[in-house]
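Remarks on the structure that follows.
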Protein chains: 2
Amino acid sequence: MLAQYCGPPMDIREIAKRAKVSTATVSRTINRVPSVNPQLARRVWSVVEELGYYPNTQARALVSGKSRIFGLIVSEITNPFFPEIVQVFENIAVQHGYEILLTSTVHDPKRMEISVRRMIERRVEGVAVMTFGMEELVLEDLKLRNVPLVFVDVGPSRAHVSNIRIDYLHGIRQAVQHLAALRHERIAFITGPLQLRSAATRQQCFLHCMEEIGLTVDPKLIVEGDHTMEGGMVAFSQLLKQPVMPTAVLCSNDMTAIGVMRRCHEEGILIPRDLSVVGFDDIRMAQFMLPPLTTIQMSQAELARLAFHALLSEVQNESAPNGAEYFLKTSLVLRESTGLAPSRKSRPEKSG
Amino acid sequence: MLAQYCGPPMDIREIAKRAKVSTATVSRTINRVPSVNPQLARRVWSVVEELGYYPNTQARALVSGKSRIFGLIVSEITNPFFPEIVQVFENIAVQHGYEILLTSTVHDPKRMEISVRRMIERRVEGVAVMTFGMEELVLEDLKLRNVPLVFVDVGPSRAHVSNIRIDYLHGIRQAVQHLAALRHERIAFITGPLQLRSAATRQQCFLHCMEEIGLTVDPKLIVEGDHTMEGGMVAFSQLLKQPVMPTAVLCSNDMTAIGVMRRCHEEGILIPRDLSVVGFDDIRMAQFMLPPLTTIQMSQAELARLAFHALLSEVQNESAPNGAEYFLKTSLVLRESTGLAPSRKSRPEKSG
DNA sequence: CAGGATTTCCTGGACGTCCGGGAAATCCTG
DNA sequence: CAGGATTTCCCGGACGTCCAGGAAATCCTG
């Protein structure tokens, strides 16, 4: 039970006084150093529980030089892609006694700069940069201080800088071949913002996979989106202006695909009867769409796990001399937004 | 420009030495105390910039007794309701020089307990509890320490405990009257988990508003959901078993409504032709649905703002003696998931 | 130029914790 | 029971910063 004691000096000294031992003994007790007399330890513990004493992390951090905080930089928490990353990252962090300092730069360099400053001031032990290819200059500050970093896709090979390389090709190839198997030939691609390394890579993979199976890509069927739903709608509107419609659209991410679906709904285009749609990311929302979205999965949970362990092994000095590399696969998950290509003459009816 | 200097002791002492002043002067300089000679100040600043020095927050916290951290407890980050709260809360916090310690108890008391412990260890200056009516026992620990708290809906009137009271009635009344105006009479309600204070209140408001305009509520049309999409699907399946279908469904939150829409899609029930659906929360996803979901808005941004400022005025000792109260309105936003009630004769057929 | 009033700076301690070195207590051995 | 080897504990200092109080330098006034 917690006592009524409320006086300010609820510190290790107070505990020591009440347990009639020195502060050092209290310290060793709560840190479970074995060389402390069990009887004393019990006395200490009982006082600790009675007073509801919790050690002061900042004091600990100060003397140990370890803040036990990791920074986590994402581009936008409200982007449905990120919450699960945050969730999983936080879970694991807590399990390992770490706290996380979360920041969402809303693609704003100034916010990025501020957040880097915050992280340095709090003396984070490492930072996971989940912005997918925005190689930010401000991060130089962190590198100079030898703060371990982990990037996705883009990141220099350097000491204390790890990288998670994503195998976009695998999932995209599956998607393209899936569409091809369904007799699709005019396959459109809506890209992300091309300054994003990951978005550029996805496009290249698409082109590569099409070529691989001998399908030609009409350049007019490649349009640029911005990874938002609105961008997806706009991009798809452009596609609608084409003399010959594509029969399938592959999107650089799920939000784009959702925009496409929305636009289709407005236009009375039925998915998958008239058009097949494939997304990328497999955000949770994808399975909630009507129809549920076929998409290429890139496990957010796994990504978070990799990022955390990359940082953890850096701080535990198990680091590779020149930055470790981790790999994450992507793969197609089939749902209901893809179907047989409509024949050019007569549109086949959806069979139940 | 940052120097190549990388030695560990990058502290206030190092700056003092290089600027040939005492540490106190450096401290006062970076804290912008006016009583420092401008010439010295410039010398200090130039050294600070040159070395890229950032003061150590934990040392500051230790001596000042202020961690400049607020805790933020949400039920689930992956629940689309919360990311925007987190986003806005974080924004304002940073503007005020605060950091946030985020925790999502996944409705797990043990996780809640751990997170409270983490917060106490980091000596948070206040905690916003955004779990909507889970009055948690573990929070006693925080109250005992006089840590300012802010709750939504539920929370004792006590010193250092503020409350945000949500006016559910306003929005729900608008929704009910909107449906009534569209000739709906058999209106169903899918509740949330009833141990949640906010969910129970929403249900009561619904009943009240129906009675208010002389509509009777068939008890069979009140079914319990759990605020998830799956729960919404199950609940709606129950409604489908009724001899007479409702013509409209009001849901305790948007995810539930999305579940209903999904089930309708499977059953070939067209929204809004055969059934009108209204959600609650106005999460961003609501406008992405097909058709876009009519829902009752409870501004997440405003909620976050209120919560932050409640804590801020507590730490600034502008606190009301017995806990302040804040109020947040709700109101209907019309989209496309509601329409005229279908005539009573023709029941919607399953279209295959 | 003396004397006091200000301004401006520095010294020394404190915040809460942990660590190294050494002192005291305990045990074992002969 | 003496002597040494362990175990178990305490004292003093340190982490990086801020603050109180006092010393030094500067200014003003008569």
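These values consider heavy atoms only, across backbone and side chains, with no hydrogens, waters or symmetry-generated copies. The sequence lines fix the lettering, A, B, ..., with proteins before strands; numbering per chain opens at 1.
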So, using side-chain hydrogen bond (donor to acceptor under 3.5 Å, both in side chains) as the criterion, who are the partners of [X] when residues are at least two apart?
X        : result
A/Asn79  : none
A/Arg111 : B/Asn91
A/Glu314 : A/His160
A/Arg60  : A/Asn31

Give the rounded distance in Å between these two atoms: [atom1] of [X] and [atom2] of [N].
X       : N      : atom1 : atom2 : result
B/Arg68 : C/dC15 : CZ    : P     : 21 Å
B/Lys17 : D/dT17 : NZ    : P     : 14 Å
B/Ile15 : D/dG16 : CD1   : P     : 12 Å
B/Arg13 : C/dC10 : CZ    : P     : 15 Å
A/Lys20 : D/dT8  : NZ    : P     : 22 Å
A/Lys66 : C/dC18 : NZ    : P     : 15 Å
B/Glu14 : D/dT17 : CD    : C1'   : 16 Å
B/Ile12 : C/dC15 : CD1   : P     : 19 Å

Would you say a side-chain N or O of [X] is under 4.0 Å from OP1 or OP2 of [N]?
X       : N      : value
B/Thr25 : C/dC10 : yes
B/Tyr53 : D/dT17 : yes
A/Arg60 : C/dC18 : yes

Whether B/Phe81 and B/Phe132 hold their rings parallel, tilted or perpendicular, with breakpoints at 30° and 60°: perpendicular
What's touching nucleotides 19-22 of chain D from the protein side, N or O pairs under 3.5 Å?
none

A/Glu113/A/Lys110 ion pair, N-O < 4.0 Å: no
Duplex segments of DNA chain D, taken as runs of at least three Watson-Crick or G-U pairs that stay under 3.5 Å: C:1-30 with D:1-30
Residue pair B/Thr57, B/Arg68: steps toward the side chain to side chain donor-acceptor pair (under 3.5 Å) verdict: CA-CA 9 Å; B/Thr57 311; B/Arg68 299 202 75 86; over 6 Å; no
DNA chain C-proximal residues of residues 36-47 of chain A, any heavy atom under 4.0 Å: none
Pairs involving residues 11-30 of chain B, ordered by first then second residue, that meet ring pair (Phe, Tyr, Trp, His ring centres under 6.0 Å) (sequence neighbours left out): none
Test salt bridge (charged side-chain N to carboxylate O under 4.0 Å, His left out) applied to B/Glu121 - qualifying residues, sequence neighbours left out: B/Arg117
Qualifying residues under salt bridge (charged side-chain N to carboxylate O under 4.0 Å, His left out), relative to A/Arg13, sequence neighbours excluded: A/Asp11
Residue list, side-chain contact (heavy atoms from CB on, under 4.5 Å) with B/Ser313, at least two apart or on another chain: B/Glu318, B/Tyr326
Salt bridge (charged side-chain N to carboxylate O under 4.0 Å, His left out): pairs with one or both residues in residues 75-88 of chain A, sequence neighbours excluded: A/Glu84-A/Arg284
Residue whose closest nucleotide on DNA chain C lies nearer the 5' end, B/Pro34 versus A/Asn56: B/Pro34
Among C/dC10, D/dT17, C/dG16, the one nearest A/Leu62 by side-chain distance: C/dG16
